[in-house]
J.: 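Just dropping this structure here.
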Amino acid sequence: MGTMELIDQHGRVATDLRVSLTDRCNLRCQYCMPAEGLEWMPTEETLSDDELIRLISIGVEHLGVTDVRFTGGEPLLRKGLPGIIAATKALPGSPRTAMTSNGLGLKRTAKALADAGLDRVNISLDTIDPEVFERITRRNRWQDVADGLAAAKEAGLGPVKVNAVLLRGHNDTEGPALLQWCMDHDYELRIIEQMPLDAQHGWNREAMITAEETLTLLSETFRLTPLAGRGSAPAEKFLVDDGPHTVGIIGSVTRPFCGDCNRVRLTADGQIMNCLFAREESDLRAALRGGASDTEISKRWAAAMMTKLPGHGINDPSFLQSDRPMSAIGG
Ligand code: SAM
């Protein structure tokens with residue numbers, strides 16, 4: 001078959017595939033999951049490694065996917081991760097591979113993942129204070145994340161990016177210290193606005209720390225110069241002082257970037273979501289397990305893009321939060 005593309009009705013073409021490898025996680029970040037965790041996806045509903053690899057290969061070989069990011073839940077909890085990365089990297093065109101992870105255990109696995117073909121990582125770390133970390137994530141694991149970050153840099157998984165969410169009353173004044181720490185370690189900090197994606201549906205617009213507020217706070221300590229050439233990247237980048245370090249601000253709520261979106265998501269149970277905030281999913285698992293050909297699956301996937309809305313709609317009065325939390329979509 002010829003190559004199709006994942007184009008939507010608004011002319012956007014998705015080339016960046018975010019693959020969730022599991023909905024499970026070993027942290028319980030307050031803005032993501034309740035303390036007791038969630039009811040995890042049943043094993044029989046979760047795609048096997050071979051099924052995942054088949055769908056990724058259809059994306060790359062038939063639908064124009066050039067970038068594959070592994071996420072979750074926590075992708076490092078997926079046993080077959082090195083094999084999934086290696087199979088992805090071996091596809092025609094050698095897609096760029098990345099992983100979004102909390103970094104727990106990465107100290108032991110970073111080198112093997114790099115050897116398997118992983119190019120880059122984004123590690124989530126909201127604070128440089130271990131006590132604040134424990135309050136936010138409900139786990140005493142700050143040092144493990146710091147070790148994971150160091151191992152990622154050592155293994156060449158760079159530029160190593162750090163994702164942080166600021167929460168009022170917890171780490172809201174920490175932006176400058178976190179940025180300084182990241183620059184000292186040669187990590188690229190990106191501060192993400194808190195989004196209505198938590199399983200508890202506890203997001204509150206008034207409590208959210210806006211991109212504007214973050215920029216104001218950072219500007220009290222650093223001189224920030226906006227950098228041009230953002231393209232479809234979620235982060236607005238700023239040069240810090242005279243460089244070479246930069247900081248990224250992801251204003252998903254107050255400065256949406258949906259018009260340039262090039263992303264599509266595959267959940268661990270084989271559903272295509274054309275947006276992080278989509279309320280409809282398209283079931284590729286049923287097609288796959290029902291014996292569909294690559295062509296049939298490609299057509300179903302391409303059709304799923306047609307309902308992609310022009311924007312995420314968080315700011316519309318009629319916005320409804322999806323029943324599927326971030327941990328089960330893949331951030
Ligand atoms: N477990 C991995 C990790 O920690 O990076 C991957 C999945 S996690 C859902 C991906 C990213 O989403 C993390 O950086 C996390 O901080 C962020 N995140 C989770 N819930 C969020 C929310 N409600 N708003 C903004 N970012 C959120």
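Predicted model only: the values in this text are computed from it and were never measured. Atoms within each ligand, like the ligands themselves, are counted from 1 in listed order. Any value given below was found using the heavy atoms of this structure, including those in side chains, with hydrogens, waters and symmetry copies removed.
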J.: I'd like to know whether Glu193 forms a side chain to side chain donor-acceptor pair (under 3.5 Å) with Thr210, so could you lay out the CA-CA distance, the side-chain angles of the two residues, the decisive distance to 0.1 Å, and finally the verdict.
T.: CA-CA 6 Å; Glu193 275 181 350; Thr210 63; 5.1 Å; no
J.: Short N/O distance, under 3.5 Å, between Ser327 and ligand 1?
T.: no
J.: Has ligand 1 got any nitrogen or oxygen that is less than 3.5 angstrom from a nitrogen or oxygen of Gly73?
T.: yes
J.: At a non-hydrogen distance cut-off of under 4.0 Å, which region of Ser252 contacts ligand 1 (side chain, backbone, both, or neither)?
T.: neither
J.: With Arg96 as reference, evaluate Asp16, Asp119, Asp67 under the salt bridge (Lys or Arg N to Asp or Glu O under 4.0 Å) test and give the passing residue.
T.: Asp67
J.: At less than 4.0 angstrom from any non-hydrogen atom of Asn102, what atoms of ligand 1 do you find?
T.: 2 (C), 3 (C), 4 (O), 5 (O)
J.: Looking only at protein heavy atoms, which one is nearest to atom 27 (C) of ligand 1, and how far off is it?
T.: Met326 CE, 3.6 Å
J.: Nearest protein heavy atom to atom 21 (C) of ligand 1, by residue and atom, and its distance?
T.: Tyr31 CD1, 3.5 Å
J.: Using the rule that two of Ile, Leu, Val, Met, Phe, Trp, Tyr join whenever any of their side-chain heavy atoms come within less than 4.5 Å, decide whether Ile136 and Met33 are in one cluster.
T.: no
J.: Would you say the side chain of Phe70 lies within less than 4.5 Å of the side chain of Ile85, judging by non-hydrogen atoms?
T.: yes
J.: What do you reckon, does Pro196 put a non-hydrogen atom under 4.0 Å from ligand 1?
T.: no
J.: Counting each atom of ligand 1 from 1 as listed, which ones have a heavy atom of Asn163 under 4.0 Å away?
T.: 14 (O)
J.: Who's the nearest protein heavy-atom neighbour of atom 14 (O) of ligand 1, and how far?
T.: Ser124 OG, 2.7 Å
J.: Are Asn163 and Ser124 side-chain neighbours, meaning at least one heavy-atom pair lies under 4.5 Å?
T.: yes
J.: With distance as the sole test, does His312 use its side chain to make a donor-acceptor pair with the main-chain N or O of Ile314 at under 3.5 Å?
T.: yes
J.: Short list, please: which atoms of ligand 1 are under 4.0 Å from a heavy atom of Thr71?
T.: 6 (C), 7 (C)
J.: Ion pair present between Glu134 and Arg141, side-chain N to carboxylate O less than 4.0 angstrom?
T.: no
J.: Passes ring-ring contact (aromatic ring centres under 6.0 Å, His included), Tyr31 versus Trp203? Steps please.
T.: CA-CA 8 Å; Tyr31 49 81; Trp203 180 81; over 10 Å; no
J.: Quick one: are Asp294 and Arg54 in side-chain contact, heavy atoms under 4.5 Å?
T.: yes
J.: Which of these, Met195, Gln200, Gln30, has its nearest heavy atom closest to atom 23 (N) of ligand 1?
T.: Met195
J.: Starting from atom 26 (N) of ligand 1, which protein heavy atom do you reach first, and at what distance in Å?
T.: Val165 CG2, 3.6 Å
J.: Looking at Gln194, which atoms of ligand 1 are within less than 4.0 Å of one of its heavy atoms?
T.: 24 (N), 25 (C)
J.: Which protein heavy atom lies closest to atom 8 (S) of ligand 1, and at what distance to 0.1 Å?
T.: Gly72 O, 4.5 Å
